[in-house]
Q: 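Quick one: structure below, then a few questions.
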Amino acid sequence: MSVRPMGPRSRSDRPGVPPLSLTGSLSSMGAPIPDPLATAQQHPPIFSTGHSSVSPSDTPRFVGPIPTLNTPIPPLRPVPIGGGAPRHVGLKLNISSNMAGNAPLFQQVAGPPHIEDASTTMSPEERTIRPHETYASPSQARARSGSEGLGTSEGGGAGGSRSAGGDMNGNGHAGGAPAPSPPLVPDPMEDIRAALSKMGTGSQNASASQLDGRPAVTPPTNDRSPASDRTSSSASLPPLPPPKEFSDDVLEELSRLGEGAGGAVHKVRDKRDDKIYARKTITTREVAMRQVVRELNIISTTQHVNIVQCFGAYMSPSSSEVKIMMEYCDGGSLEAIGKKMKEVGAVVGERTAGRIAEGVLQGLAYLHSKKTIHRDIKPSNILVSRDGVIKLCDFGVSGELVESIVGTFTGTLIYMAVSIFASSYAGPESNSSFKPERVSGGKYTNRFPFPSDVPTFEVILTISKSEPPKLEDDPDAGIMWSDEMKDFIKQATPSDASRDAGPSMDIDHDEARGAHGSVDKAGLGLASSETQTF
Ligand SMILES: Nc1ncnc2c1ncn2[C@@H]1O[C@H](COP(=O)(O)OP(=O)(O)OP(=O)(O)O)[C@@H](O)[C@H]1O
């Protein structure tokens, strides 16, 4: 199946078309960069806002009424992850108005962006398939086998229906017979409390008892991981603010940012210092305990420019909710941005798409270096920060990588790799729906490369049986893709799972690195054995 691209057009192909003035931003689309100047010094813009600063080779290639995101790429600061700081990859989401003489399509506006609740419009196929796990930690296993003492009911005692009903261990009894001793049931909150405790560091660790129904002290610090575990990625990041205690009392809820299977995410303000955060609320009765623990463990131990930063977490007094405090990403998710762009008929230029792919791949490479797989890469889990940096979020179905093999079927159907359907064996992020081609391919054309409005079974069939999508030029429409982009999509969408090179190949590709420098595979922290199995 081939995909008719809506790619950047070559402006030089259209005589008489004046040079573009790239003056706008995503602001009017609801994803503004509120104050690019404020962050410009921190992160030099990747997007140029005018032709005066664009070399001929960087000139955005589009004409006609389609506004295009595009960017000149600054010189690469090649830094091997294995030994130096990560590249601060990201993008500045300035967008052009190419309607010569017309008012800009996009205007810079002050104030925060307002892309919210995008996930509520997701189709069922887009929603995450969550493994139906309940208790799998060693302590739970021990407790289940009866070798540990009595636990409490789910919700830390707030609701005992599951233990009473015996639905966890099959020990439920009908009335009539003498009441048996209560079944040995683990405290399902135990692991969550332990994970929350671990999120502190050294003397800042809060004990499980401190966390029991009370606000938790759980912010990470720059130095929370063992020295051997600290990568240059974290070492190079700006220092984290001093640890803070969070609780509902000190936070004001400002708006809802999104909601998924894992919980709702709100924009909140810390009343004490006016700092803005994104707070994810996970209802512990609705989400598998293991999933909560996993998300807490991962988000609290990662520190990378392309991973959303966690500042702490706390449990509601009733223990029915766990709340994770994260950095707020003003730009919203790629899903929300994509929807807005579609509304106004905008498309993503090649270089921007390359930058997005690069950010995703750098984030994944970092996770892989920590033997963690994301498993649910999709536009709604790819956020954009105020200064245009790509940030991966949502580790609810992430897992530990053991010998490069992933055996579980989880993720979001429409973004799953062909290899998941084609083979029982898959390498890291193959089975984790890591398919930058699906993410970026969908974004390049602003639509899915495969039909997404069909029943689940048909989606699987289509993805596994049809030819990978191809980028093809459409000279009549003025759409011309570069050879590099075509090759990137081709290599990233193999029909044969065994040729799925994964992030190692993709990030090495000129297109993903914006054709501006080389990235050392070893420098990405990918063990060679892992690399081979992608
Ligand atoms: N740090 C953040 N800054 C801004 N928006 C965010 C942030 N984290 C999440 N969001 C928004 O909330 C949405 C849902 O977040 P998240 O994916 O973590 O929840 P989830 O319940 O696990 O979702 P899913 O069903 O996709 O697994 C995101 O798509 C995004 O729009």
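In listed order, ligands and their atoms are each counted from 1.
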Q: Closest by any non-hydrogen atom to atom 1 (N) of ligand 1: pick that one out of E259, K391, E327.
A: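 The residue whose heavy atom sits nearest atom 1 (N) of ligand 1 is E327.
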
Q: Can any side-chain N or O of K391 pair as donor or acceptor with the backbone N or O of V305 at less than 3.5 Å?
A: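 Yes: the side chain of K391 pairs with the backbone of V305.
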
Q: Specify side chain, backbone, both or neither for K267, according to which of its non-hydrogen atoms lie closer than 4.0 Å to ligand 1.
A: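 Neither part.
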
Q: Between K280 and D394, is the closest basic N to carboxylate O distance under 4.0 Å?
A: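 Yes, D394 and K280 are salt-bridged.
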
Q: Classify the contact between N381 and ligand 1 as side chain, backbone, both or neither, using a heavy-atom distance cut-off of under 4.0 Å.
A: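 Answer for N381: side chain.
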
Q: Check the pair R269 / E252 against salt bridge (Lys or Arg N to Asp or Glu O under 4.0 Å), numbers first and verdict last.
A: CA-CA 5 Å; R269 181 181 72 88; E252 180 193 358; 2.8 Å; yes

Q: So is G263 in contact with ligand 1, going by heavy-atom distances below 4.0 Å?
A: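 It does; at least one heavy atom falls under 4.0 Å.
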
Q: If we check side chain to side chain contact (heavy atoms under 4.5 Å, CB included) with R279, which of these qualifies: Y314, F246, F311?
A: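 Result for side chain to side chain contact (heavy atoms under 4.5 Å, CB included) with R279: Y314.
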
Q: With sequence neighbours excluded, tell me which residues meet salt bridge (charged side-chain N to carboxylate O under 4.0 Å, His left out) with R272.
A: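 For R272, the residues satisfying salt bridge (charged side-chain N to carboxylate O under 4.0 Å, His left out) (neighbours in sequence not counted) are D270.
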
Q: Name the option, out of I276, V308, V265, that contains the heavy atom nearest to atom 9 (C) of ligand 1.
A: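 Among I276, V308, V265, the closest heavy atom to atom 9 (C) of ligand 1 belongs to V265.
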
Q: Under 4.0 Å from a heavy atom of K378: give me the atoms of ligand 1 that qualify, with their elements.
A: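 Listed by number with element, the hits are 26 (O).
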
Q: By salt bridge (charged side-chain N to carboxylate O under 4.0 Å, His left out), which residues pair with D249, not counting sequence neighbours?
A: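 Expected list: none.
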
Q: E295 to ligand 1: N or O pair under 3.5 Å?
A: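 In fact, backbone or side chain, E295 has no N or O that close.
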
Q: For Y366 and Q303, indicate whether the former's side chain and the latter's backbone hold a donor-acceptor pair under 3.5 Å.
A: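 Yes, because the side chain of Y366 sits within donor-acceptor range (under 3.5 Å) of the backbone of Q303.
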
Q: Taking T372 for the side chain and K370 for the main chain, is one N or O donor matched with an acceptor at less than 3.5 Å?
A: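 Looks like yes, one N/O pair under 3.5 Å.
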
Q: Could you work out, for atom 2 (C) of ligand 1, the closest of L383, I382, D394 by heavy-atom distance?
A: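 That would be L383.
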
Q: Out of all atoms in ligand 1, which are within 4.0 Å of some heavy atom of A278? Include the element for each.
A: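 Contacts of ligand 1 toward A278, numbered from 1: 1 (N), 2 (C), 3 (N).
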
Q: Number the atoms of ligand 1 from 1 as they appear, then name those within less than 4.0 Å of a heavy atom of G258, with their elements.
A: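 Within the 4.0 Å cut-off of G258, ligand 1 contributes 12 (O), 13 (C).
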
Q: Evaluating non-hydrogen atoms only, which member of L334, I324, L257 is closest to atom 11 (C) of ligand 1?
A: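 Comparing heavy atoms across L334, I324, L257, the nearest one to atom 11 (C) of ligand 1 lies in L257.
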
Q: With atom 4 (C) of ligand 1 as the reference point, say which of A264, G331, C310, C329 has the nearest heavy atom.
A: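 When every heavy atom of A264, G331, C310, C329 is considered, C329 comes closest to atom 4 (C) of ligand 1.
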
Q: Looking only at heavy atoms, is any part of K280 under 4.0 Å from ligand 1, and if so is it the side chain, the backbone, or both, or is it neither?
A: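 For K280, only side-chain atoms sit under 4.0 Å from ligand 1.
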
Q: At less than 4.0 angstrom from any non-hydrogen atom of S380, what atoms of ligand 1 do you find?
A: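 Heavy-atom distances to S380 below 4.0 Å select 28 (C), 29 (O).
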
Q: Got a donor-acceptor contact below 3.5 angstrom from the E321 side chain to the S316 backbone?
A: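 Not confirmed, E321 side chain does not pair with S316 backbone.
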
